[in-house]
Amino acid sequence: MPRLHSALAASAAMATLVAALPAAADGPSPQVSPTVYEPAPVQQVSNDFWSGLFIGGALGIGMSQHQYSGNFDSVDRLEFSHDLGEHGGLASIQIGYTFAMSERTYVGATFDYTIFDVNANSHMQYLVGGQQVTVDQEITPESMMTIGGRVGVLANENTQFYGMLGWSRASFGESHNYNGGGVLTGLASTASGSYEVDGATIGIGMETRLGDRTSLGVEYRYTDLGDQTIFSSTVGGIYSTQTSNAVQQVRVGLNMHF
């Protein structure tokens with residue numbers, strides 16, 4: 001009996017040891033930290049380039065357009081009207097400020113000063129009362145100042161299209177020579193001088209970003225400067241001449257943004 005008890009006790013101890021081996025082999029369960037996935041950063045495209053101060057210059061082509069008319073009434077009478085115009089170069093400097101109204105829309109104000117190299121002239125001859133009358137006219141746009149506003153819409157982050165509306169004041173040089181008998185009796189008819197006129201300017205343009213602070217643009221403008229009396233006299237008769245004034249511009253400009 002003692003041997004039986006000893007054998008049973010040994011068997012029980014062996015069974016307990018065998019049952020404990022897998023748990024001892026596995027050891028305590030490690031604690032696994034949950035994996036946290038963070039979304040990749042989204043690259044934000046900033047359009048601050050189009051907001052703020054800009055300064056620039058432009059070169060281009062200007063065209064001066066005039067309808068020149070007159071009334072000479074003394075011994076004989078002459079009424080006439082003809083067009084004259086010419087194109088040439090221009091150079092301009094400008095300053096402006098824009099700010100965002102929405103993600104794609106910008107508004108701003110601009111001021112620019114432009115000088116022209118344009119000379120419009122005409123030489124007309126008329127037969128009045130059997131005598132030849134010559135009317136020579138030369139009109140030269142010299143400079144123009146424009147203050148206005150613009151509204152732009154982004155086609156993409158690098159390019160915008162815009163329209164502009166402003167008010168301009170322009171200076172013109174003028175010279176004329178009226179020569180002939182009869183209708184021009186008693187008229188001192190050769191003179192030169194200058195005059196200033198103002199009127200509305202409208203335009204459209206496109207501007208594209210070149211670098212971190214620079215942009216290149218092309219713009220078309222039309223300015224209606226109204227009518228101007230050139231000459232008026234009542235000595236020996238009634239004499240008057242006047243002209244309408246309009247200027248068109250095509251400009252290519254480079255701007256620096258701040």
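Bear in mind that the values here come from a model prediction, so they are computed numbers and not experimental data.
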(message) To check you understand the geometry: which heavy-atom pair defines the closest contact between Ala91 and Leu59, and what is its length?
(response) CB-CD2, 3.8 Å
(message) Quick check: is Met256 connected to Ile93 through a chain of hydrophobic side chains (ILVMFWY, heavy atoms under 4.5 Å apart)?
(response) yes
(message) Any donor-acceptor pair under 3.5 Å linking the side-chain atoms of Thr110 with those of Arg150?
(response) no
(request) Go through the side-chain N and O atoms of Asn255 and Glu207 and say whether any donor and acceptor fall under 3.5 Å apart. (result) yes
(request) May I ask you to decide if Glu142's main-chain N or O and Ser171's side chain share a donor-acceptor pair within less than 3.5 Å? (result) no
(message) Do Tyr97 and Met145 land in one hydrophobic cluster if side-chain heavy atoms of ILVMFWY residues count as linked below 4.5 Å?
(response) yes
(message) On a heavy-atom basis, which atom in Pro141 and which in Phe116 lie closest, and how many Å separate them?
(response) O-CB, 3.4 Å
(message) Hydrophobic cluster membership, with links at side-chain heavy-atom distances under 4.5 Å among I/L/V/M/F/W/Y: are Phe258 and Phe111 in one?
(response) yes
(message) Whether the Ser64 and Glu86 side chains hold a donor-acceptor pair (N or O, under 3.5 Å, no angle test) is what I'd like checked.
(response) no
(request) Report yes if some heavy atom in the side chain of Ser244 is under 4.5 Å from a heavy atom in the side chain of Asp227; otherwise report no. (result) yes
(request) Give, for atom CG of Asn158 and atom OG1 of Thr208, the distance between the pair rounded to the nearest 0.5 Å. (result) 6.0 Å
(message) Looking at Ile61, I want to see if its CD1 is surrounded by more than 12 non-hydrogen atoms of other residues, nucleotides or ligands under 6.0 Å.
(response) no
(request) Please answer: with hydrophobic residues joined when any side-chain heavy atoms are less than 4.5 Å apart, are Leu165 and Tyr220 in the same cluster? (result) yes
(message) Within the 4.5 Å heavy-atom criterion, are Thr241 and Phe80 side-chain neighbours or not?
(response) yes
(message) Taking the side chain as everything from C-beta on, heavy atoms only, tell me whether Asp112 gets closer than 4.5 Å to Arg221.
(response) yes
(request) State, yes or no, whether a side-chain contact exists between Val118 and Met63 at a heavy-atom distance under 4.5 Å. (result) no
(request) Determine, stepwise, if the pair Leu225 / Met144 fulfils side-chain contact (heavy atoms from CB on, under 4.5 Å). (result) CA-CA 11 Å; Leu225 294 161; Met144 182 184 298; 4.1 Å; yes
(request) Look at the aromatic rings of Phe172 and His66 and report parallel, tilted or perpendicular, splitting at 30° and 60°. (result) perpendicular
(message) Using a 3.5 Å distance criterion without hydrogens, assess whether the side chain of Arg251 forms a donor-acceptor pair with backbone atoms of Glu219.
(response) no
(request) State, with a plain yes or no, whether a side-chain heavy atom of Arg209 is found less than 4.5 Å away from one of His257. (result) no
(request) Assess the side chains of Gln228 and Tyr195: does a donor N or O sit below 3.5 Å from an acceptor N or O? (result) no
(message) Could you report the tightest heavy-atom contact between Met124 and Asp136, atom names first, then the distance?
(response) N-OD1, 4.4 Å
(request) For Trp50 and Glu157, indicate whether the former's side chain and the latter's backbone hold a donor-acceptor pair under 3.5 Å. (result) yes
(request) Could you tell me which non-hydrogen atom of Ser192 sits nearest to which non-hydrogen atom of Ser175, and how far apart they are? (result) CB-CB, 3.6 Å
(request) With rounding to the nearest 0.5 Å, note down the distance linking OG1 in Thr243 to CG in Asp83. (result) 9.0 Å
(request) Verify the distance criterion only: is there a donor paired with an acceptor across the side chains of His82 and Ser122 at less than 3.5 Å? (result) yes
(request) Give a yes or no on whether Leu84 atom CG has more than 12 heavy-atom contacts from other residues, nucleotides or ligands under 6.0 Å away. (result) yes
(message) Main chain of Tyr113, side chain of Ser92: is a donor-acceptor contact present, judged purely on distance under 3.5 Å?
(response) yes
(message) I'd like to check Asn177 versus Thr134 (side-chain heavy atoms, cut-off strictly below 4.5 Å). Are they in contact?
(response) no
(message) In the structure I gave you, are the side-chain heavy atoms of Thr146 and Thr114 within less than 4.5 Å of one another anywhere?
(response) no
What side-chain donor-acceptor pairs closer than 3.5 Å can you find for residues 196-204, not counting sequence neighbours?
unit_1, atom_1, unit_2, atom_2, d
Glu196, OE1, Arg169, NE, 3.2
Glu196, OE1, Arg169, NH2, 3.3
Asp198, OD2, Arg169, NH1, 3.0
Thr201, OG1, Ser168, OG, 2.5
Thr201, OG1, Thr223, OG1, 2.7

(request) Output yes when a side-chain donor or acceptor of His87 lies under 3.5 Å from a complementary backbone atom of Gly62, and no otherwise. (result) no
(request) Would you kindly confirm whether Phe161 and Phe49 end up in one hydrophobic cluster when ILVMFWY residues are joined by side chain heavy atoms under 4.5 Å apart? (result) no
(request) Could you check whether the rings of Phe231 and His176 sit parallel, tilted or perpendicular, using 30° and 60° as the cut-offs? (result) perpendicular
